[in-house]
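Taking it in order: structure first as structure tokens, then the write-up.
We're numbering straight along the sequence, starting at 1.
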Amino acid sequence: MSQAKYLVNINLMGSSIKSTARYWAFQAIARVEGDNAYTDLVLSSLLDKSRNFTKDQAAINEIVKGVITWKLLLDWIAKSFLNKPESIPQDIIWLLWLGIYQIKFLNTPDFAAVNETVELAKALRLHKWTRLINAVLRNTIRNANSIQLPDKEKDPVRFLSVSQSHPEWLIEHWLDEFGFKKTESLCIANNKVPNVSIRINPVKTSGEHVERILQENQFSYKKSKLPGFYRIAQMDSAIFRGMINDGLITVQDESAALVSLLVDPQPQSVIFDLCAAPGGKTTHLAELSKDAAVIVAGDLNHARAGLVRKTANRLGVNSINTLISDALHFPAKEADCVLVDAPCSGLGVLRKKPDLRWNKTNTDISLLNVIQKNILQHAAQLVKNGGTLVYSTCTIEKKENENIIFDFLEKNPNFGIQNLETNALLNRFLTKDKMIRTWPDRDNMDGSFSVKLKKIKGI
């Protein structure tokens, strides 16, 4: 679909409407849904254009991500009060999602959610639909407790799909893999808004200095069990951006930190990061090695490789050498450690990327398996005798994790899984197969996987 079809009337709005978070939120939703665009990219572009409305950026972000996350449930509620939902234009459906989301999930007074959605419809020159929008939203308020969801016992797939707003194929797959209780727990965790996790940059600052800034500016935060990490619940956005721009901190999930800790970079060690962009793990490796390792970071895309350099410059680390390279044709050998942060489905980060759940299929995972196996096999050739190979993903799928490793070990008997049971920090995330897994519902982190393989003899 073309975004022009849905946004043509937005430019006709009055300035007062254009200054509201709901205007910008609707514009973003129309882009994401109408063009199948990525939520983060749409929001970034939109907020760049709307800098005069910076006070509303948090609200815009919350509304858009919330609507996209919960759209299946919002759609179910809206269509429960429509006689012929298939005849309703898509932009009206999006307006209903926007209104229902405010009623169900925000602290917006009911009358305000109804009135503001109706006024937005008028500004969009959709006057003939205002009575319907008003009726559906008021019915949602009056009959909130009587909306019938799919039967939990007779159709658990559809029940979880609608009530927790996840695609049916994914629910069915997880039910087969994990069972009902775990699947429901994962869905609930995926729908929660996570705290922001930050990493302190020891090259430029200290934990004590950053904590002092957080306290002085009344941030709500908690120190992580992982060294150098904090979880931020509430913040001053301007101060936070300033800390990032000054290179004092990096936004990074704690699950990603486990990968760098698994690599355990030492000064003077040679590390290849084959899929480095945008550089979060790469720069963490530099920081952990006191900026004294030799890190070669590659990415196939020129612009993405540039992101690694930009991040390294911001943080003031000098031990990273970037190159434009396909991971299957990495132009170097004899590394102490090779990191493969593999391309994956990303099904462990659904709480942060709400549109991802709607844009993935089982076929995507099968295609990725081929890529993952090929990259890992090539990476093995770059490890020196006695060196290590670390494989990681941000997905909870066995097909992309354990199954990849078991297949690799069967074909490469000169590698074995390194025992990490003596590492108290990593031990609590170990599986029975000595691999690391994190879960959004159990650990309040992104879902991730990593394993450290040691090359025990030459090929």
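- Sparse packing is recorded around CD of Glu410, with 12 or fewer heavy atoms of other residues, nucleotides or ligands lying under 6.0 Å away.
- Counting heavy atoms from C-beta outward, Ile232 and Asn195 have side chains that stay 4.5 Å or more apart.
- Every residue meeting the ring pair (Phe, Tyr, Trp, His ring centres under 6.0 Å) condition with Trp439, not counting sequence neighbours, appears here in chain and number order: Phe178.
- Every residue was checked against the side-chain contact (heavy atoms from CB on, under 4.5 Å) condition with Ala144, not counting sequence neighbours, and none meets it.
- Here the straight-line distance linking atom CD of Glu208 with atom CD1 of Ile200 works out to 9.5 Å at 0.5 Å rounding.
- Side-chain atoms of Asp264 and Gln266 form a donor-acceptor pair, as typed in the model, at a separation below 3.5 Å.
- No side-chain donor from either of Gln102 and Asp110 sits under 3.5 Å from a side-chain acceptor of the other.
- Qualifying side-chain contact (heavy atoms from CB on, under 4.5 Å) partners for Lys353, counting only residues two or more places apart in sequence or in other chains: Asp40, Val349, Asp355, Leu356.
- The distance from atom OG1 of Thr108 to atom CZ of Arg22, rounded to the nearest 0.5 Å, is 5.0 Å.
- Counted by atom type alone, Gln372 and Asn369 present one or more donor-acceptor pairs between their side chains at under 3.5 Å.
- Side-chain contact of Glu254 with Ser224: a donor-acceptor pair under 3.5 Å is present, judged by distance alone.
- One distance of note links CG of Leu315 with OG1 of Thr205; it measures 12.0 Å at 0.5 Å rounding.
- Between the side chains of Trp76 and Gln148, no donor-acceptor pair is found at a separation under 3.5 Å.
- Side-chain contact annotation: Asp75 with Trp97, donor-acceptor N/O pair under 3.5 Å present.
- The number of heavy-atom neighbours closer than 6.0 Å to CG of Asp151, taken from other residues, nucleotides and ligands shown, is above 12.
- Between the side chain of Asp299 and the backbone N or O of Arg304 there is no donor-acceptor pair closer than 3.5 Å.
- Within the structure, ring-ring contact (aromatic ring centres under 6.0 Å, His included) pairs that include any residue of residues 345-381 do not occur (at least two apart or interchain).
- Between the side chains of Asp446 and Ser448, no donor-acceptor pair of N or O atoms lies under 3.5 Å.
- A donor-acceptor pair shorter than 3.5 Å can be found between the side chains of Thr395 and Ser345.
- Checking side-chain atoms of Asp443 against main-chain N and O of Met445 turns up no donor-acceptor pair under 3.5 Å.
- Legend: residues meeting side chain to side chain donor-acceptor pair (under 3.5 Å) with Thr250, ordered by chain and number and at least two apart, are Arg314.
- A 6.0 Å sphere centred on CD of Glu172 holds no more than 12 heavy atoms belonging to other residues, nucleotides or ligands.
- In the model, Gln164 has a side-chain atom that pairs as donor or acceptor with a side-chain atom of Asn191 under 3.5 Å.
- For the residue pair Gln90 / Glu33, no side-chain donor-acceptor distance below 3.5 Å is found, with atom types taken as modelled.
- Using a 4.0 Å cut-off between a side-chain N of Lys or Arg and a carboxylate O of Asp or Glu, Lys434 and Glu421 do not qualify as a salt bridge.
- In this structure the side chain of Asp364 reaches within 4.5 angstrom of the side chain of Thr361, judged on heavy atoms.
- A distance of 10.5 Å separates CD1 in Ile417 from CZ in Phe408, rounded to the nearest 0.5 Å.
- Side-chain N/O atoms of Ser269 and Asp336 include no donor and acceptor closer than 3.5 Å.
- Proximity of Lys79 to Lys84: side-chain heavy atoms (C-beta onward) are nowhere separated by under 4.5 Å.
- Inspection of the Tyr230 and Glu211 side chains reveals an N or O donor paired with an N or O acceptor under 3.5 Å.
- Under 3.5 Å, the side chains of Asn444 and Arg351 contain a donor-acceptor pair of N or O atoms.
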Checking side-chain contact (heavy atoms from CB on, under 4.5 Å) for the pair Lys452/Tyr391: CA distance, chi angles, key distance, verdict?
-> CA-CA 7 Å; Lys452 189 170 189 175; Tyr391 176 87; over 6 Å; no
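- Other residues, nucleotides and ligands contribute more than 12 heavy atoms inside 6.0 Å of the NZ atom of Lys182.
- Side-chain contact check for Asp273 and Thr282: at least one donor-acceptor pair (N or O, by modelled atom type) lies under 3.5 Å.
- Under the 3.5 Å distance criterion, with hydrogens and angles disregarded, a donor-acceptor pair is assigned to the side chains of Asn190 and His166.
- Partners of Cys275 under the side-chain contact (heavy atoms from CB on, under 4.5 Å) rule, at least two apart in sequence or in another chain, are Ala327, Pro343, Ile375.
- Trp70 has its ring centre less than 6.0 Å from the ring centre of Phe105.
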